[in-house]
Structures are given as C-alpha cells and as structure tokens.
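First the structure, in the form of structure tokens, and then the observations on it.
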Number of protein chains: 2
Amino acid sequence: MARPSVPILSGERIRAVALGIIDRDGLEGLSMRKLAGELGVRAPSLYGHVTTKDELLHDVANGILEQVDLSGFEGGDWQHGLVACARSYRAALARHSNIVPFLAYGPARRESSLRWMDTLHGALVAAGWPRRHATMIAASLMYLVFGATMTSFSSGFSDDETFYPDRFRHLDKAHLLPKVAEELDRDSFELALSAFVDGLELLRVASNFQV
Amino acid sequence: MARPSVPILSGERIRAVALGIIDRDGLEGLSMRKLAGELGVRAPSLYGHVTTKDELLHDVANGILEQVDLSGFEGGDWQHGLVACARSYRAALARHSNIVPFLAYGPARRESSLRWMDTLHGALVAAGWPRRHATMIAASLMYLVFGATMTSFSSGFSDDETFYPDRFRHLDKAHLLPKVAEELDRDSFELALSAFVDGLELLRVASNFQV
DNA sequence: ACCTGAACACCGTTCAAGT
DNA sequence: ACCTGAACACCGTTCAAGT
C-alpha cells in the first residue's frame, strides 16, 4: 500500500535503526537504501522525516552525547570531576565506537560537546586554573577520550599467533590481545587518565595556582 | 592518444597527487575519477598501477608513517624517549590531519604502527616497566596522538564572536580560537604529554618498578 | 499526509577494445 | 604495455505521481 493508516516512519525510529546499522556494519555500512529497507520502506520515504543523511548522523550523534554525565564536578573537587566526566564521556562513545570518527569531525560546533567543554572550563577556572590552562586541559581530555574510543588499539590486533613474534620480538604475546581487548582498552584509558591528572596536580603545585 | 610514448602514471605520482587532494579537499573529497582527472587521465587507467582505492589509501598512509622518528629512545631515558616519539608521531600526522580518521582504522595491522608500538614496548620493558604496563603506556600515547590530530579541537570553533558567549558563559573568548588554533592544539598536546609522563614517573616510584 | 517509481549526478571497479 | 569507453552495481537526493 502506498499510504498505511498508521505511519511506518518516525524520526525516532529512523535514528534508532540507523544507529543499529552503524553499530553492526560500521559507518560506511549505513546507506539510505539499506536503512529504508530495514524500516520496511523505500529510500525516498526517509526524506519526509529527515532532511539529509549528514543531519541524521548529527542527530544520532547528539543522542549519544546526551548520555554523558556532567555531574562529576558538583562535589567541588576538580580532579574527581575531570576523571568522572572523562570516564562518562568515554563510556558513552565506547558503546558505539563505529560512529566516533564522525563525532570527531567538528566537535566545537556541536551543542553537546560545547556543554561538556564549558562545564570543564568553568570548573577548572573555579579551581584556580588560568583560563588558558583550563582550555588546554579540557582539550587534552577530549583528545584522550576520542583517541581511546576511535583508535580501538587493542581490538585491531590479529589473533593469528604466528603473525607477530618473528617480526616484532617485543610483541610475542600480541595475538592474545583480542581476547582481552575491551579490558585492556579500558585499563589503558584509566592509566592515561590517572597519570594525566596526577601530572596536572604536580604542575598546579609547582606553578602555585591557588584552589 | 591512447598510449603515450612515456607513461603518464606511476605509483609514486598517483600517491603524491592523492595525498594532495586529501589535504586540500578532505578524505571524502578524494574520488578515483577526480584523482584521474588531476593526473590527466581517465579513472580506469589508475587500476593498472593501483589494485584498489583502499590499498592506495594504505600506501599513502604508510608513506606518512614512515616519517615518524623512532630514535628518541637511543639515549636510554624512557621519559625523553616517550616524549620524543609521541612528538614526532604527532608532527607527522598533523601535517596531513585529513587522513587521520583512515589511519585510526586498524592501526594494529599496519606495519609502521607495529614498529612504533614494538619500539615503545621494548624500551619501556627495558626501563623496568612490567609488560602489561608497557602495553598500556604505548596504547595511551597512541590514543593521545590520534585524538590530538583527529579531533582538531580548536580549529573547529566558530569565529563568529556572537556564537558562544550568551549560551556558554565560560566560553566568551571562544571565537578567538581559530586564529591561534594551531598553537593551542600543539600546546594542549604538549601539556597532556608532559603531565602524562610526570604522572607515570609518580606511579613508577610508588610501585617501586626498577630502572 | 505519507509513500513510491523513475530519474539525476555521482561512486568504485571491470573488461573488451584500441594503439 | 598502457590507456580508453562502455557498462555494472552501487550511492544521496529530488520530484511528480499515486492513494
């Protein structure tokens, strides 16, 4: 039928199925025709609910970023706030790592990224950090979160155990990595995060920035 | 003419022009037809020299990664080595930031990334770090380098000075960022790098890992 | 109001044909 | 040996037409 009594499509359903395809098939695996097909519809129908594929991706992205918890600074401890916000940011992105390359493109124009930056910047200035340092610290955390979720360092290793040892003698355990990829990625992120924050505290004391 | 006396194409020339297009028009701006056009040729001709677009991108990527300097560890100081290698890695990627999203995809299967990882891992173990810590430290640096070059945090800000202040009170200077984007990105990376290494030294001493 | 088929201008890639 | 035109199976998107 050309016109069902109850509309098949809605912005919400389109975004949900689109994210599902991205999670399953990757960012390149999402096409308007495939998306339409999984929604039981033809591609042109989507354009009654969505202005463009790019905007659809932005909407999906914002839906993910809205889940980031910014309440970590409420206690007033800037170190705890940084760690909590970065952790929450990473957790939200790690659940949908295939979309991260899209997220990384132009974060400074995205409302939700700006709110994150603004919260961090404000809390750091309130904690005594100079404005420029606050900007750089927030930028550094963004680097770390995006790098950690996008690079997917560990999951890319081959699980063929003959692949590494002969050519790279320090990587003779590398074929074991995929099995523990998720854990290793999370631990590496936590190590980077805590070492970074510890290093910042050293700098703060050495520079005599007041709390 | 269908067959020039001197071949127009070569793998090297194709890669150079392809990288030029990526730098100028972005990763999505590279198509085989456009590439062929700038080489004075039709698209199918490229396939005599290149097996696939994906492989061409890998070759271009490897050409960039070969410029990374791994000699920083030769002095034996692991902290200096980490900083030097990370700096060199970032510098190579920052020169061609449009290709970084492609690089981030599956770094663990790329020869040049593996050499980088292997060098760092070996040097860290030699400096007394446990193997698992060495892996996590190398991963952390990879996160930082890729995040810093890909996110391009500062360059994405709007230069419209009315864009930020009313909505985000802590970002009232944000419209100035594009002008100093490059410097801020580099300074943020340096801050993250030194704070991270300082934090690692704290951890090393606290954990009593021997040099 | 909502969905469709046909069409347009693009892709990456193949392959028989030309010189 | 090297390049080409035509073709195939895809894209995102538009639009007049159907109910």
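As the structure is a prediction and not an experimental result, all values here were calculated from the model. Sequence lines set the chain letters: A, B, ... in the order given, protein chains first and strands last, and positions in each chain run from 1.
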Under a cut-off of 3.5 Å for both distances of each Watson-Crick or G-U pair, what dot-bracket string does DNA chain D give, using [ ] for crossing pairs and | for inter-strand pairs?
-> ||.|||||...|||||.||

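Note: CG (A:Leu39) to C1' (C:dC2) measures 14 Å, nearest angstrom. Here the C1' atom of nucleotide C:dC8 and the CE atom of A:Met32 are 17 Å apart, to the nearest Å. The distance from atom NZ of A:Lys53 to atom C1' of C:dC11 is 12 Å, rounded to the nearest whole Å. Per the geometry, NE2 belonging to A:His49 stands 16 Å off P belonging to D:dT13, to the nearest Å. Atom OH of A:Tyr47 and atom P of C:dC8 are 18 Å apart (whole Å). Rounding to whole angstrom units, CG of residue B:Leu46 and P of D:dG5 are separated by 14 Å. In this structure, the NZ atom of A:Lys34 is 17 Å from the P atom of D:dT13, given to the nearest Å. Atom CG in A:Leu35 sits roughly 16 Å away from atom C1' in D:dC10 (whole-Å rounding).
Considering only heavy atoms from C-beta on, B:Asp118 stays 4.5 Å or farther from B:Leu114 through its side chain. Between B:Tyr143 and A:Thr149 there is no side-chain heavy-atom pair separated by less than 4.5 Å. Contact of the B:Leu46 side chain with the B:Leu56 side chain is not registered, since no non-hydrogen atoms from C-beta on lie closer than 4.5 Å. With a 4.5 Å cut-off on side-chain heavy atoms, A:Leu65 and A:Trp116 do not count as touching. Counting heavy atoms from C-beta outward, A:Leu120 and A:Leu141 have side chains that approach closer than 4.5 Å. At least one side-chain heavy atom of B:His58 sits under 4.5 Å from a side-chain heavy atom of B:Asp54.
Taking the nucleotide of DNA chain C with the nearest heavy atom to each of B:Thr51 and A:Arg42, the more 5' of the two is matched to A:Arg42.
Applying the 4.0 Å criterion to OP1 and OP2 of C:dT4, one finds that A:Ser45 has a side-chain N or O inside that range. Between D:dC11 and A:Ser31, a contact under 4.0 Å exists linking OP1 or OP2 to a side-chain N or O. At the phosphate of C:dT13, OP1 or OP2 sits under 4.0 Å from a side-chain N or O atom of B:Thr52.
With a 6.0 Å radius and a threshold of 12 heavy atoms from other residues, nucleotides or ligands, B:Glu12 has its CD atom at or below the threshold.
With D:dG12, D:dG5, D:dA7 as the candidates, the nucleotide lying closest to the side chain of B:Pro44 is D:dG5. When the nucleotides C:dC3, D:dT13, D:dT14 are ranked by their closest atom to the side chain of A:Ala43, D:dT13 comes out on top.
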